[in-house]
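Order of the sequence lines fixes the chain letters, A, B, ..., with proteins taken first and strands second; residue numbering starts at 1 for each chain.
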Amino acid sequence: MSFLDIRHYKYLTSSIDRNLDFSAFMDFEHHYQVSENKHEYSIERSYFSYKESLVENTVDSSIQSIMDMESKLIPIFAQMERTGVYVDEKKLRDIGEDIARESKNKELEIYDLVGERFNINSAKQVQVILFEKLGIPVSKKIKTGYTVDNEALSLIGQKYEIANIILQYRTLEKLRSTYIDGLLRVINPHTKRIHTTYNQLGASTGRLSSESPNLQNIPSGSGYPARIKSCFCPESSEFSFLVADYSQVELRILASLSGDTSLIETFVRGEDIHTRTARFLFGEDATITSELRRIAKSVNFGVIYGITGFGLSKVINTSPAEATKYIDTFYAMYPGVRAYYQSILDGANKNGYVETFYGRRRYIPGVRDSNKMIRAGAEREAINMPIQGTAADIIKLAMLRISNFLKEGTYKSRMLLQVHDELVFEVHESEKDMMEKQIRSIMEGVFPGPLKLLVDIHTGANWSEAKG
DNA sequence: CGCTTCACG
DNA sequence: ACGTACGTGAAGCGA
Ligand SMILES: [Mg+2]
């Protein structure tokens, strides 16, 4: 029985119709009425997709191999979902009480500052308070008036403390509603484990997504985020958490795909890529402060997204002209990247799609649109997909190999979570050192070529401690 | 259910 | 003149 599903076929071969209506498809294309019975229907679905993709031989061989990989991954994701991850419920509840207390204080502080009570969770009501009652200048217009998002409130906060308090309140409420209450609601009351659902077909680049709950956006950082993450832990003290994450994976992939010699050289020498870019931007002899490195880091990441001078200027809080200068300097110092991007756009125009190193495709109709803005947006998608998608292919292949490795031995350790460039395991103490070596070797070995991928591995008593 | 906001890589 | 960084999912509001 093949796990292959027609939705996988459509996912890998088409830009549209991700939520394909299978019964309509079968009726229209094959004059076949699918079964009303749920079980028979699912068998029909598997069978016809198998036939469609393999027997008709209309699919490019690299797509066939991606499809083969996706097919083999289905039971692996299913296993991870079924295993779930243990959560210390009492600890999570206690953190929630701390957050609620602090949030309540912020709430009262806000009412006190503006002299009235209102719903701070309502962006509309915040607009009225700030822009009508207090007469604060507006910035960007949105459908419902003027934005009161983080960027706008941070700017306002330079003059009006109320905006800063609202931001602090929002941060606390986000943590409480999504990560305390939200997670408490989905802990299995018997096993105390949380079981996400991985969506293998949703993301246009080939990434996974995670829902109900989303375990791919658990907050990270110090303070409450670390405390929340520390609630994810092994059930038994015989186990530790092991977190393995690819280091700078997208920039390394950009280096490999573009073949840019100075980007490759930087990684091969083991230099810090953000510091290297900072010296290109601010001079070889400049003292690279953390602030300059931060700017360079934003430039490096921005390039992966096809950022404009305007966009970068918002991120690093400078003028568009200055930001444009940084981007131009980046391309001048890493000329292979510019040439590579041009080749991607040429390919997108010629073929209508872009592809990852492994041949996974994304169709980008917008690159031929007559509307300049649609086209610019499509070009950013086209530039980003081969990078983000290759990273997705790499970690998926690694997961397949790790899963096979775990199956071969009768190990107690288990793979629990995937967060795009990171895998989370619970490992038995007796297997810990061996697992670390094997997991690193498998993950680093996936991608060929002269530029090695590097994997950072940390272990600890919980997800927070194992983040290094 | 659309909009807004914000959490992650 | 306009809009402006890729990819996701979830929560609260308000109609
Ligand atoms: Mg990383």
Side-chain angles (χ1 to χ4, degrees), chain A residues 118-127 140-154 166-167 169-183 185-186 196-221 224-225 228-229 245-251 254 298-316 320 323-324 327 354 362 364 371-392 395 417-423 463 467:
Chain A
F118 64 103
N119 186 347
I120 310 164
N121 296 323
S122 164
K124 187 77 211 132
Q125 293 184 37
V126 172
Q127 285 177 38
K140 198 176 69 176
K141 199 161 176 16
I142 55 175
K143 288 179 185 177
T144 61
Y146 295 93
T147 183
V148 285
D149 66 10
N150 192 312
E151 186 188 335
L153 290 195
S154 297
I166 292 174
L167 284 174
Y169 169 84
R170 274 197 193 150
T171 302
L172 295 166
E173 278 305 292
K174 180 79 171 184
L175 294 176
R176 198 193 50 72
S177 63
T178 305
Y179 302 105
I180 303 290
D181 293 354
L183 291 177
R185 268 199 295 271
V186 295
T196 187
T197 300
Y198 288 109
N199 185 352
Q200 196 178 0
L201 308 175
S204 50
T205 57
R207 271 190 176 184
L208 281 186
S209 69
S210 158
E211 64 182 6
S212 314
N214 184 355
L215 294 184
Q216 291 181 320
N217 71 345
I218 302 301
S220 62
Y224 289 123
I228 290 170
K229 223 158 196 172
D245 83 289
Y246 282 109
S247 167
Q248 308 287 6
V249 66
E250 294 195 339
L251 284 167
L254 175 63
S298 297
V299 174
N300 285 340
F301 280 116
V303 165
I304 288 173
Y305 302 137
I307 203 171
T308 63
F310 181 89
L312 179 64
S313 73
K314 295 291 180 198
V315 174
I316 62 178
T324 302
I327 294 170
V354 293
R362 177 180 183 179
I364 317 258
N371 181 319
K372 205 173 97 186
M373 229 172 47
I374 303 272
R375 219 166 46 239
E379 287 174 359
R380 290 193 298 271
E381 293 169 5
I383 279 170
N384 179 256
M385 186 273 176
I387 303 169
Q388 187 181 118
T390 298
I395 196 165
L417 301 171
Q418 190 251 41
V419 192
H420 308 304
D421 72 342
E422 164 183 339
L423 295 174
W463 198 357
K467 283 251 57 172

Provide the distance between the two [atom1] atoms, one in [N] and one in [M], to the nearest whole Å.
N     : M     : atom1 : result
C:dC2 : B:dC6 : P     : 25 Å
C:dA5 : B:dC8 : C1'   : 15 Å
C:dG3 : B:dT5 : P     : 16 Å

Supply the atom-to-atom distance [X] [atom1] to [Y] [atom2], rounded to the nearest 0.5 angstrom.
X        : Y        : atom1 : atom2 : answer
A:Met385 : A:Ile364 : CE    : CD1   : 7.5 Å
A:Arg362 : A:Thr205 : CZ    : OG1   : 7.0 Å
A:Ile395 : A:Glu422 : CD1   : CD    : 8.0 Å

With [X], which residues qualify under side-chain hydrogen bond (donor to acceptor under 3.5 Å, both in side chains), at least two apart?
X        : answer
A:Thr308 : none
A:Ser154 : A:Asn150
A:Asp181 : A:Arg176
A:Lys174 : none

*Below 4.0 angstrom from OP1 or OP2 of C:dC6, is there any side-chain N or O of A:Arg362?*
no
*Give the dot-bracket string for DNA chain C, reading 5' to 3', where a pair is Watson-Crick or G-U wobble with both distances under 3.5 Å, ( ) marks pairs inside the strand, [ ] marks pairs crossing earlier ones, | marks a partner on another strand, and . marks unpaired.*
.....|||||||||.
*For DNA chain B, find the residues of residues 143-153 of chain A with a heavy-atom distance under 4.0 Å and give them by number; none if there aren't any.*
A:Lys143, A:Thr144, A:Thr147, A:Val148, A:Asp149, A:Asn150
Less than 4.5 Å apart, any side-chain heavy atom of [X] and any of [Y]?
X        : Y        : value
A:Tyr246 : A:Leu423 : no
A:Ser298 : A:Leu312 : yes
A:Glu173 : A:Ile120 : no
A:Ile304 : A:Asn384 : yes
A:Trp463 : A:Ile218 : yes

Whole-Å gap separating [atom2] ([N]) and [atom1] ([X]):
X        : N     : atom1 : atom2 : value
A:His420 : C:dC6 : NE2   : P     : 16 Å
A:Glu381 : C:dT4 : CD    : P     : 13 Å
A:Phe301 : C:dC6 : CZ    : P     : 16 Å
A:Lys372 : C:dA1 : NZ    : P     : 13 Å
A:Arg380 : C:dC6 : CZ    : P     : 4 Å
A:Ile383 : C:dG7 : CD1   : C1'   : 15 Å
A:Ile142 : C:dC2 : CD1   : P     : 17 Å
A:Ile327 : C:dC6 : CD1   : C1'   : 14 Å

_Any residue meeting ring-ring contact (aromatic ring centres under 6.0 Å, His included) with A:Phe301, in chain and number order, not counting sequence neighbours_ = A:His274
_Under 4.0 Å protein heavy-atom contact, by nucleotide of nucleotides 10-15 of chain C - B base, S sugar-phosphate only_ = BSSSS-
*Would one find more than 12 heavy atoms of other residues, nucleotides or ligands at under 6.0 Å from atom NZ of A:Lys372?*
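It does not: A:Lys372 NZ has 12 such atoms or fewer within range.
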*asked:* With the threshold set at under 4.0 Å for non-hydrogen atoms, list the residues of residues 305-313 of chain A touching DNA chain C in residue-number order.
replied: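 Close to the strand are A:Tyr305, A:Ile307, A:Thr308, A:Phe310, A:Gly311.
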*asked:* Among residues at least two apart in sequence or on other chains, which ones pass side chain to side chain contact (heavy atoms under 4.5 Å, CB included) with A:Thr144?
replied: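 Partners of A:Thr144 under the side chain to side chain contact (heavy atoms under 4.5 Å, CB included) test: A:Gln127, A:Ile142.
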*asked:* Going by side chain to side chain contact (heavy atoms under 4.5 Å, CB included), name the residues that satisfy it together with A:Ser177, two or more places apart in sequence or in a different chain.
replied: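 Per chain and number, A:Ser177 pairs via side chain to side chain contact (heavy atoms under 4.5 Å, CB included) with no residue.
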*asked:* Looking at A:Gln388 and C:dC6, is any side-chain donor or acceptor paired with a base atom of the opposite kind under 3.5 Å?
replied: yes
*Between A:Pro219 and A:Leu175, what is the shortest heavy-atom contact and its length?*
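Where A:Pro219 meets A:Leu175 most closely, the heavy atoms are CG-CD2, 3.8 Å.
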*Answer with base, sugar-phosphate or nothing: what part of the nucleic acid does A:Leu208 contact at a heavy-atom distance below 4.0 Å?*
nothing
*Pick base, sugar-phosphate or nothing for A:Arg207, based on heavy-atom distances below 4.0 Å to the nucleic acid.*
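Result for A:Arg207 = base.
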*On DNA chain B, which is the earliest and which the latest nucleotide, 5' to 3', with an atom closer than 4.0 Å to a heavy atom of chain A?*
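Both ends considered, the range comes out as B:dC3 to B:dG9.
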